[in-house]
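All residue numbers refer to positions in the sequence shown, counting from 1. Nothing here was measured: the structure is a model prediction, and the numbers come from that model.
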Amino acid sequence: MATGAADAVEMRGALMRLRRETGLAVAFGGLVEPGRAQVRISELNGTTTAALSALAVSSGNGLGGKAVALVRPCAVSDYSSSRRISHEYDVAVAAEGLRSVLAVPVVVRRRVRGVLYGALRSAQPLGDRTLSAAVEAARDVEQSLAVRDEVDGLLAAARGLCRHDHPGAPGGSERHTGAQGAQGAEGMVWERLREAHGALRALAPRVVDPALRAELLAVCETLAASPGSARSAGSERPPGSAGPAGQVRLTHRELDVLTCVAVGATNAAAGERLGLRAETVKAYLRSAMRKLGAHTRLEAVVAARRAGLLP
């Protein structure tokens, strides 16, 4: 699923929850258009006309534009007669029959990414409960966008490693030879690759979009199966460790835990990163060690790398 379409799905879900929790007659919203200082209304819930569809709201204009400019929630009890906002969009608002309206900005890393609206068809104050619910709905969208941004950044970095920085690949570690020598450069590349792999696996459970989650896990598998990963363990394979990758089947959570262990995380640190209790992490680790024929954490990591499960 494309990023824009997935973001729209997040907005749509938030609007549905807002109406369900508050009883608002209408909820609508949209995201800031790339490269432009305006929000394009794309998601409508409870509307009876298309008057608001594709409406472009500029920063500072109307209620939503005011929320964008001030970076805080705004509300009016009677939109058409309010002196607290400008009235560039009165025709569209009147066509939909909206009177009492609130607008909450969606803010990610101090940048407004969209606006979420809720409205009634009668002129009456919107209570604190309704405003709080709208703010919570906006926070849900913010968290989803922040996770997606992080995933996109990590995916881009991981693809770059896959294309250019595999140890032994043309243009890979050879580019970094110098004072530290080829061996040191190769170690740095593997460290970067393993950090990217661990970060991606830790993020995967937080990704709601199944297509994006599948893509993320596919990149993890590519990183784990990168050239040289098996030989990076060399002769350190412990007695009784796993054979070829096809003979080892770890669950997603077992692999998540092992990925954290591979970068030196304690059980408590792995639990915090994955949203699990330390005892749960310990149980997953024991299960993974048993499947890999390992007796220590280090042996488990080495065995998983030899099996192509970790980079």
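Smallest separation of non-hydrogen atoms from Ala138 and Pro105: CB-O, 4.0 Å. Residue Ala51 comes nearest to Ala95 through the heavy atom pair CB-CB, 3.7 Å, listed as atom of the first residue, atom of the second, then distance. Minimum heavy-atom separation, Thr22 to Ala133: CG2-CB, 3.4 Å. Nearest heavy atoms, Ala103 versus Gly64: CB-CA, 3.9 Å. Taking each heavy atom of Leu18 and Gly118 in turn, the nearest pair found is CD2-CA, 4.5 Å. The two residues Val281 and Ala270 have their closest heavy-atom pair at CG1-CB, 4.0 Å.
Under the 3.5 Å distance criterion, the side-chain polar atoms of His295 are left unmatched by any main-chain donor or acceptor of Arg290. A donor-acceptor pair under 3.5 Å is absent between the side-chain atoms of Ser58 and the main chain of Asn61, judged by distance alone. Judged purely by atom type and a 3.5 angstrom limit, Ser132 uses its side chain to pair as donor or acceptor with the backbone of Asp128. With hydrogens and angles ignored, the 3.5 Å screen pairs no side-chain donor or acceptor of Arg19 with any backbone N or O of Ala27. Panel note: side chain Ser144, backbone Asp140; a donor-acceptor pair is recorded below 3.5 Å. For the pair Ser42 (side chain) and Gly30 (backbone), a donor-acceptor distance under 3.5 Å is absent. With Ser100 contributing its side chain and Gln124 its backbone, the two residues share a donor-acceptor pair below 3.5 Å. Of the possible donor and acceptor atoms, one in the side chain of Glu142 sits under 3.5 Å from a partner among the backbone N and O of Val107.
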Problem set entry | Residues Leu276, Arg253; criterion side-chain contact (heavy atoms from CB on, under 4.5 Å); working and verdict | CA-CA 10 Å; Leu276 302 172; Arg253 272 312 195 192; 4.1 Å; yes
Problem set entry | From CA spacing to verdict: side chain to side chain donor-acceptor pair (under 3.5 Å), Arg297, Asn267 | CA-CA 11 Å; Arg297 298 160 72 94; Asn267 289 351; 2.8 Å; yes
For this session: Walk me through it: do Leu292 and Leu258 pass the test side-chain contact (heavy atoms from CB on, under 4.5 Å)?
Result: CA-CA 11 Å; Leu292 291 164; Leu258 206 54; 3.6 Å; yes
For this session: Output, in order, the C-alpha distance, side-chain angles, deciding distance and verdict of side-chain contact (heavy atoms from CB on, under 4.5 Å) for Glu254 and Ser287.
Result: CA-CA 7 Å; Glu254 289 168 351; Ser287 177; 2.5 Å; yes
For this session: Take Lys291 and Thr251 through the test side-chain contact (heavy atoms from CB on, under 4.5 Å) and record every step on the way to the result.
Result: CA-CA 11 Å; Lys291 292 178 181 180; Thr251 67; 4.0 Å; yes
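One finds the OG1 atom of Thr280 at 12.5 Å from the CG atom of Leu285 (value rounded to the nearest 0.5 Å). Going from atom CG of Leu309 over to atom SG of Cys220 covers 12.0 Å, rounded to the nearest 0.5 Å. The CG atom of Leu31 sits 6.5 Å away from the CG atom of Leu145 when rounded to the nearest 0.5 Å. Distance check: Met11 CE to Ile41 CD1 gives 8.0 Å after rounding to the nearest 0.5 Å. Remark: Glu88 CD to Leu63 CG distance equals 11.5 Å, nearest 0.5 Å. To the nearest 0.5 Å, the span separating OG on Ser77 from CG on Leu126 amounts to 8.0 Å.
A single hydrophobic cluster is seen to contain both Leu274 and Val261, as judged by linkage of ILVMFWY side chains at heavy-atom distances under 4.5 Å, directly or through other members. Hydrophobic clustering, with ILVMFWY side chains joined whenever heavy atoms are under 4.5 angstrom apart, keeps Leu52 apart from Leu116. Connection of Leu102 to Val76 is not established within any shared hydrophobic cluster, with ILVMFWY side chains joined at heavy-atom distances below 4.5 Å, either directly or through further cluster members. Put simply, Val101 and Val104 are part of two different groups of oily side chains (I, L, V, M, F, W, Y) that touch within less than 4.5 Å, one to the next. Residues Val115 and Leu24 fall into different hydrophobic clusters, defined by Ile, Leu, Val, Met, Phe, Trp and Tyr side chains chained together at heavy-atom separations under 4.5 Å.
The existence of a salt bridge linking Glu21 and Arg129 is excluded, since no basic side-chain nitrogen approaches an acidic carboxylate oxygen closer than 4.0 Å. One finds a salt bridge joining Asp149 and Arg109 here, because a Lys/Arg side-chain nitrogen approaches an Asp/Glu carboxylate oxygen to under 4.0 Å. A salt bridge is defined here as a Lys NZ or Arg NE, NH1 or NH2 lying under 4.0 Å from an Asp or Glu carboxylate O, and Glu96 with Arg121 meets this definition. A salt bridge does not link Asp78 to Arg84: none of the charged nitrogens lies less than 4.0 Å from a carboxylate oxygen.
Residues Ser82 and Ile85 meet the side-chain proximity criterion, which asks for heavy atoms closer than 4.5 Å. Here the side chains of Arg139 and Val135 are in contact, with some heavy-atom distance below 4.5 Å. Put simply, the side chain of Arg12 does not reach to within 4.5 Å of the side chain of Leu44, judged on heavy atoms.
Ring-plane geometry between Phe28 and Tyr117 is classed as parallel, the angle between the planes falling under 30 degrees on a 0 to 90 degree scale with a further cut at 60.
The local environment of CD in Gln38 is crowded, with over 12 non-hydrogen atoms from other residues, nucleotides or ligands closer than 6.0 Å.
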